[in-house]
Asker: 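So that we are looking at the same thing, I have put the structure below in structure tokens.
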Amino acid sequence: VSPPEPAAALDALVERLDGALVVVTTAVGDERAGCLVGFHCQCSIEPRRYALWLSKANRTYRLALHAELFAVHALSADDHGLAGLFGTTSGDEVDKFAHCSWTPGPGGVPILDDCPDHVVLRRVTLLDDGSDHVCLVTEPSGEAGRRARGARGGGGPLRLSQARHLDAGHDAEERPDPAAPAAGEP
Ligand SMILES: Cc1cc2nc3c(=O)[nH]c(=O)nc-3n(C[C@H](O)[C@H](O)[C@H](O)COP(=O)(O)O)c2cc1C
């Protein structure tokens with residue numbers, strides 16, 4: 001079934017804009033989470049604010065409800081492995097951090113060693129408009145950019161059009177069983 005016309009027009013615009021993809025990671029105590037994110041952008045100049053939208057279906061969202069710090073990693077056009085790991089598998093079933101190289105950053109937030117182009121952000125507020133994603137408004141943390149070297153391959157950012165074949169680990173309308181343990185938990 002094709003979407004109604006206003007939705008189809010929006011879908012077409014979003015496709016033409018062809019946004020860059022990032023991996024967002026976070027931590028609370030010994031728990032870590034992270035997922036591929038296409039919904040993200042700067043949303044204020046002074047003070048600096050950056051918004052990320054997390055799907056209520058995702059384990060990353062559930063941990064984010066309790067988290068203060070988030071790392072946003074820019075993916076390069078050749079980062080298909082990381083895009084697949086963080087976008088098609090869920091921490092509900094797979095310990096993603098056992099399958100990639102990372103270093104604990106501020107507050108234990110995992111910094112992906114293969115993504116030098118990253119910043120660490122602090123949560124300002126979380127907005128729920130009743131849709132299937134929540135908006136996390138953040139500001140640069142004191143640690144932001146400390147390890148950012150801005151290094152990037154010649155291919156530019158990994159864009160939505162290069163990730164169309166990826167099947168998200170959770171469909172947006174899914175709501176997991178809150179009692180289910182995450183991968184790696186007893
Ligand atoms: C191209 C693409 C873009 C995505 N964009 C977002 C997004 O903006 N926000 C989000 O929460 N999930 C997004 N996802 C879905 C999650 O990355 C995916 O469901 C992931 O497996 C969730 O992992 P988790 O349950 O460990 O958090 C996207 C997935 C793909 C393939």
Side-chain angles (χ1 to χ4, degrees), residues 10-43 49-67 69-100 102 108-110 112 115 118-119 121 123 125-138 155-185:
L10 178 61
D11 292 353
L13 179 75
V14 168
E15 196 168 329
R16 285 193 297 278
L17 289 173
D18 200 11
L21 295 169
V22 297
V23 170
V24 175
T25 58
T26 190
V28 176
D30 290 337
E31 278 194 63
R32 289 172 283 276
C35 67
L36 185 68
V37 165
F39 299 159
H40 63 99
C41 62
Q42 184 170 354
C43 59
R49 293 283 189 265
Y50 204 83
L52 314 162
W53 282 264
L54 295 179
S55 167
K56 293 174 184 172
N58 292 353
R59 172 167 146 74
T60 305
Y61 154 75
R62 296 200 305 282
L63 198 64
L65 292 175
H66 307 280
L69 295 172
F70 300 84
V72 173
H73 304 81
L75 295 184
S76 300
D78 53 3
D79 280 331
H80 291 285
L82 285 173
L85 177 64
F86 281 91
T88 70
T89 67
S90 172
D92 290 328
E93 286 112 28
V94 172
D95 180 1
K96 301 182 194 188
F97 299 96
H99 295 276
C100 63
W102 60 279
V109 173
L112 303 182
C115 287
H118 67 266
V119 290
L121 302 169
R123 166 212 193 122
T125 191
L126 188 145
L127 307 169
D128 183 346
D129 68 355
S131 63
D132 52 25
H133 283 58
V134 294
C135 175
L136 199 58
V137 179
T138 65
L158 183 72
R159 296 202 172 273
L160 202 54
S161 56
Q162 296 159 286
R164 290 251 173 259
H165 60 289
L166 298 182
D167 249 348
H170 281 300
D171 288 335
E173 66 274 15
E174 279 179 47
R175 292 293 178 276
D177 173 1
E185 286 176 6

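Atoms within a ligand are numbered from 1 in the order they appear, just like the ligands themselves. Computed over heavy atoms, backbone and side chain alike; hydrogens, waters and symmetry mates excluded.
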Asker: Any carboxylate oxygen within less than 4.0 angstrom of a Lys/Arg side-chain nitrogen, looking at Asp11 and Arg16?
Answerer: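 No, Asp11 and Arg16 are not salt-bridged.
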
Asker: side-chain contact (heavy atoms from CB on, under 4.5 Å) between Cys115 and Leu75: does it pass, once the steps are laid out?
Answerer: CA-CA 7 Å; Cys115 287; Leu75 295 184; 3.8 Å; yes

Asker: Tell me which protein heavy atom sits closest to atom 19 (O) of ligand 1, plus the residue, atom name and distance to 0.1 Å.
Answerer: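 Scanning the protein heavy atoms, the shortest distance from atom 19 (O) of ligand 1 goes to His170 N, 3.1 Å.
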
Asker: Taking ring pair (Phe, Tyr, Trp, His ring centres under 6.0 Å) as the definition, give me every residue that meets it alongside Phe97, ordered by chain and number, with sequence neighbours left out.
Answerer: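 Applying ring pair (Phe, Tyr, Trp, His ring centres under 6.0 Å) to Phe97 gives Phe86, Trp102.
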
Asker: Report the nearest protein non-hydrogen atom to atom 27 (O) of ligand 1: residue, atom name, distance rounded to 0.1 Å.
Answerer: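 Answer, as residue, atom name and distance: Thr60 OG1, 2.5 Å.
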
Asker: Could you tell me whether Ser90 and ligand 1 have an N or O pair separated by under 3.5 Å?
Answerer: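 Among all N and O atoms of Ser90, at least one is under 3.5 Å from an N or O of ligand 1.
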
Asker: Write down the atom of Ala27, the atom of Ala67, and the distance for their closest heavy-atom approach.
Answerer: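 Minimum heavy-atom separation between Ala27 and Ala67: O-CB, 4.0 Å.
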
Asker: I want to know if ligand 1 touches Gly38 in the polar sense, i.e. an N/O pair below 3.5 angstrom.
Answerer: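 Yes: some nitrogen or oxygen of Gly38 is under 3.5 Å from one in ligand 1.
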
Asker: Taking 4.0 Å as the limit for heavy-atom contacts, which would you say applies to His133 with ligand 1: side chain only, backbone only, both, or neither?
Answerer: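 Within the 4.0 Å criterion, His133 contacts ligand 1 through side-chain atoms alone.
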
Asker: Which of the atoms in ligand 1, numbered in the order shown and given with their element, are less than 4.0 Å from a heavy-atom of Phe39?
Answerer: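 This gives 8 (O) as the contact atoms.
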
Asker: I need the contact type for Leu160 against ligand 1. Using non-hydrogen atoms and a strict under-4.0 Å cut-off, is it side chain, backbone, both or neither?
Answerer: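 For Leu160, the contact with ligand 1 is made by the side chain alone.
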
Asker: Nearest protein heavy atom to atom 11 (O) of ligand 1, by residue and atom, and its distance?
Answerer: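 Of the protein heavy atoms, Ser55 N, 2.7 Å lies nearest.
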
Asker: For ligand 1, is there an atom lying under 4.0 Å from some heavy atom of Lys96?
Answerer: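 It does, in that a heavy atom of Lys96 comes within the 4.0 Å cut-off of ligand 1.
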
Asker: Answer with side chain, backbone, both or neither: which part of Trp53 has a heavy atom less than 4.0 angstrom from an atom of ligand 1?
Answerer: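 For Trp53, the contact with ligand 1 is made by the backbone alone.
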
Asker: Salt bridge check, Lys56 against Asp128: does any charged N sit closer than 4.0 Å to a carboxylate O?
Answerer: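 Salt bridge: yes.
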
Asker: For atom 18 (C) of ligand 1, tell me which residue out of Ala33, Gly34, Ala57, Gly87 has the closest non-hydrogen atom.
Answerer: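 Shortest heavy-atom distance from atom 18 (C) of ligand 1: Gly87.
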
Asker: Check whether any N or O atom of Tyr61, backbone or side chain, sits under 3.5 Å from an N or O atom of ligand 1, and answer yes or no.
Answerer: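 In this structure, Tyr61 places no N or O atom under 3.5 Å from an N or O of ligand 1.
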
Asker: Does Glu31 come within less than 4.0 Å of Arg62, counting only side-chain N to carboxylate O?
Answerer: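 Answer for the salt bridge query: no.
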
